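All remarks here apply to the structure that follows.
Please read these numbers as outputs of a predicted model, since none were measured by experiment. Note that ligands are numbered from 1 as they come in the structure, with each ligand's atoms numbered from 1 the same way.
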Amino acid sequence: MSTSVKGMRDLMGAELRWFHRIEETAHRIFRRHGYQEIRTPILEYTDVFKRSAGDSSDIVTKEMYEFTDKGGRSVTLRPENTAGVVRAMVEHKLLQSNDPQLLYYLGPMFRYERMQAGRYRQFWQIGAESFGVASPESEAESLAMLFDFLGALGLKSLSLSLNSVGTPESRPAFNAAFRAFFEARRERFCEDCHRRIETNPMRILDCKNPGCQAALEGHPTIVDFLDDASKAHHGRLKALLTALGILFTENPRLVRGLDYYTRTAFEVLSADLGAQSALLGGGRYDGLVKQLGGPDTPAFGWAIGLDRLATILKQLQGEAPYEAPTLLIPVGEAASLRALGLAREWWALGLSVQLETRGGALKKALTSANRTGVKLALILGDGELEKGVIAAKHLETGVQEEWALADVPAKLKG
Ligand code: HAM
């Protein structure tokens, strides 16, 4: 028997119903905020990710599904969608005018990660990106939408973990201070951190090794080395979030796993996911558009893990509600023909009706209806046909009534 690829799963049934709920809520809320959907290909030239997510990120160095296609080009299954969206915006010259562009997306992403709970190799994200505005107000607007969305799903008490990672101009001062701090306790850090101090010192703050986290006690913080404009930006965002009632905590060790961030970086973690799993993350990435060949364009965005969101919602609210359709069971050839016509009339009225098309014994049809959670069966036999009625059987109670055919839509709506 063949199985699905390791780390990739089939979505169906109750879990997929949560996905639908989440996706419908996202479309509704994001459009209301003026965001428009964008769908980019799942496959991009590898370069798009190498030039954006960065050489010091695990995502690019260890986790990409990268291969050579039949034409000899290196392509990669997207590990995230910010780079693809930027590539599309630049390719279609949508950033020339300086008008703000508000976009959202949803779809599968691929990372060859170590297998553990809540981590998949094909997972789903919902994300939002805004281009063309550098202000903290645009960040507050985007975060307000994010929390409206989470609130609409019934998640009210999540808190934001916030930091500023500075700019390429302010980072050298932090790096110098941090290198001095590191040298004084070098032997306490892991091998990976010894590599990181050469490539991207900031990333050490995020090391998952408990020994390294302990050695970081008293480390220089990035916010202490910000240039004045970045400091003012950070302060203004915090004031806006406070005014909006969006709770946040400052986390000086938050740096994110992708290299493109400037200034604001944030994550939302959920206790329900376990200590190291973020529900969502994002930030500002003012240099990325230019890096990918476009005009100098400020940008800000975030992405939520849909799989993780569905897990939390199930933990907090149980299975997503499911209402089985009414089952229409014709008995005999004449009834079958009539049932097809009736079902089409009812579907056109927006009623949820499933048609039993197997023929055969009524008992068999009722047994499988019971098994699949059907609550109401409508049975149409020759006798009913003659009288212009239908037998309505409530499967939970066993009670059976006779309804005039003309009354069925009103009864089902009721
Ligand atoms: P990210 O933090 O790499 O950011 O991913 C965002 C979210 O995707 C994570 O918080 C997590 O919920 C989910 N996720 C990531 N990897 C997995 C996995 N293996 N299994 C299940 N869920 C996972 C980004 O991708 C950025 N593009 C976010 C962004 C948008 N920044 C600016 N704009």
Side-chain angles (χ1 to χ4, degrees), residues 5-9 11 15 19 22 30 35 38 40 44 48-49 52-54 57-60 62-65 77-89 101-131 138-139 142-143 145-146 150 155 158 160-161 163 165 203 206 254-270 272-289 291-292 297-313:
V5 172
K6 199 172 166 206
M8 304 192 180
R9 70 206 203 286
L11 285 168
E15 186 176 23
F19 271 60
I22 294 166
F30 297 174
Y35 282 67
I38 179 168
T40 61
E44 296 275 355
V48 170
F49 304 111
S52 58
S57 83
D58 281 356
I59 295 170
V60 168
K62 301 183 190 157
E63 296 170 0
M64 293 214 302
Y65 276 92
L77 284 171
R78 62 183 186 194
E80 60 107 44
N81 207 22
T82 307
V85 170
V86 171
R87 195 266 313 134
M89 297 303 281
Q101 299 273 358
L102 306 177
L103 299 165
Y104 75 92
Y105 51 81
L106 41 90
M109 312 291 155
F110 304 83
R111 295 183 193 174
Y112 196 85
E113 295 215 52
R114 221 160 35 82
M115 300 298 300
Q116 51 181 297
R119 269 183 203 282
Y120 304 99
R121 290 181 175 170
Q122 175 177 332
F123 60 97
W124 293 70
Q125 277 187 352
I126 296 186
E129 315 286 354
S130 71
F131 295 97
S138 76
E139 301 175 7
S142 172
L143 289 167
M145 178 171 85
L146 168 62
L150 294 170
L155 293 173
L158 296 169
L160 191 63
S161 183
N163 197 15
V165 295
R203 181 124 301 140
D206 192 32
L254 183 110
V255 293
R256 312 269 306 121
L258 297 146
D259 281 352
Y260 48 62
Y261 293 106
T262 53
R263 292 188 171 167
T264 307
F266 67 91
E267 282 180 353
V268 171
L269 284 102
S270 164
D272 300 300
L273 287 173
Q276 284 182 8
S277 290
L279 171 60
L280 63 94
R284 176 161 287 287
Y285 49 97
D286 287 347
L288 185 56
V289 175
Q291 217 167 304
L292 289 181
T297 308
F300 179 85
W302 43 261
I304 301 186
L306 192 38
D307 311 72
R308 294 182 186 175
L309 188 52
T311 303
I312 295 184
L313 287 169

Geometry only, no angles: is [X] polar-contacting ligand 1 at N/O separations under 3.5 Å?
| X | result |
| --- | --- |
| T82 | yes |
| I59 | no |
| A278 | yes |

Identity and distance of the protein heavy atom lying nearest [atom]:
| atom | value |
| --- | --- |
| atom 11 (C) of ligand 1 | R308 NH1, 3.3 Å |
| atom 23 (C) of ligand 1 | F123 CD1, 3.4 Å |
| atom 13 (C) of ligand 1 | G305 CA, 3.6 Å |
| atom 1 (P) of ligand 1 | R256 NH2, 3.5 Å |
| atom 27 (N) of ligand 1 | E80 OE1, 2.5 Å |
| atom 20 (N) of ligand 1 | Y120 N, 3.0 Å |
| atom 32 (C) of ligand 1 | G301 O, 3.2 Å |

Could you tell me, atom by atom, which parts of ligand 1 come under 4.0 Å of a heavy atom of [X]?
| X | answer |
| --- | --- |
| L280 | 10 (O) |
| G282 | 31 (N) |
| G118 | 20 (N), 21 (C) |
| Y285 | 32 (C), 33 (N) |
| W302 | 29 (C), 30 (C), 32 (C), 33 (N) |
| E113 | 16 (N), 17 (C), 18 (C), 19 (N) |
| R119 | 20 (N) |
| Q125 | 5 (O), 6 (C), 7 (C), 8 (O), 24 (C), 25 (O) |

For [Y], is there an ion pair with [X] - N to carboxylate O distance below 4.0 angstrom?
| X | Y | answer |
| --- | --- | --- |
| D259 | R203 | yes |
| E113 | R119 | yes |
| R9 | E15 | yes |

Flag the pair [X] / [Y] as yes when at least one side-chain heavy-atom distance between them is below 4.5 Å, and no otherwise.
| X | Y | answer |
| --- | --- | --- |
| W124 | L309 | no |
| R111 | F123 | yes |
| L280 | L150 | yes |
| F49 | R78 | yes |
| M109 | P79 | no |
| Y260 | T82 | yes |

Practice task
Work out whether the distance between some heavy atom of E267 and some atom of ligand 1 is less than 4.0 Å.
Solution key: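 E267 does not count as a contact of ligand 1 under the 4.0 Å cut-off.
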
Practice task
Give a yes/no verdict on whether any heavy atom in P79 is under 4.0 Å from an atom of ligand 1.
Solution key: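 Distance cut 4.0 Å: P79 fails for ligand 1.
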
Once you restrict to heavy atoms under 4.0 Å, what part of [X] touches ligand 1? Side chain, backbone, both or neither.
| X | answer |
| --- | --- |
| L258 | side chain |
| Y260 | side chain |
| E129 | side chain |
| R121 | neither |
| Y261 | side chain |
| M109 | neither |

Hey, are [Y] and [X] close enough side-chain-wise for a donor-acceptor pair under 3.5 Å?
| X | Y | answer |
| --- | --- | --- |
| Q291 | S52 | no |
| Y105 | E129 | yes |
| T264 | E139 | yes |

Handout entry: Heavy-atom closest pair, residues T40 and A88
Key =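 For T40 and A88, the tightest heavy-atom pair comes out as CG2-CB, 4.0 Å.
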
Practice task
Specify whether W302 and F30 have parallel, tilted or perpendicular ring planes, treating 30° as the upper limit for parallel and 60° as the lower limit for perpendicular.
Solution key: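 W302 vs F30 ring planes: perpendicular.
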
Handout entry: Face-on cation placement of R121 at Y65 ring, 6.0 Å and 45° thresholds
Key =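 No, R121 does not lie over the aromatic ring of Y65.
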
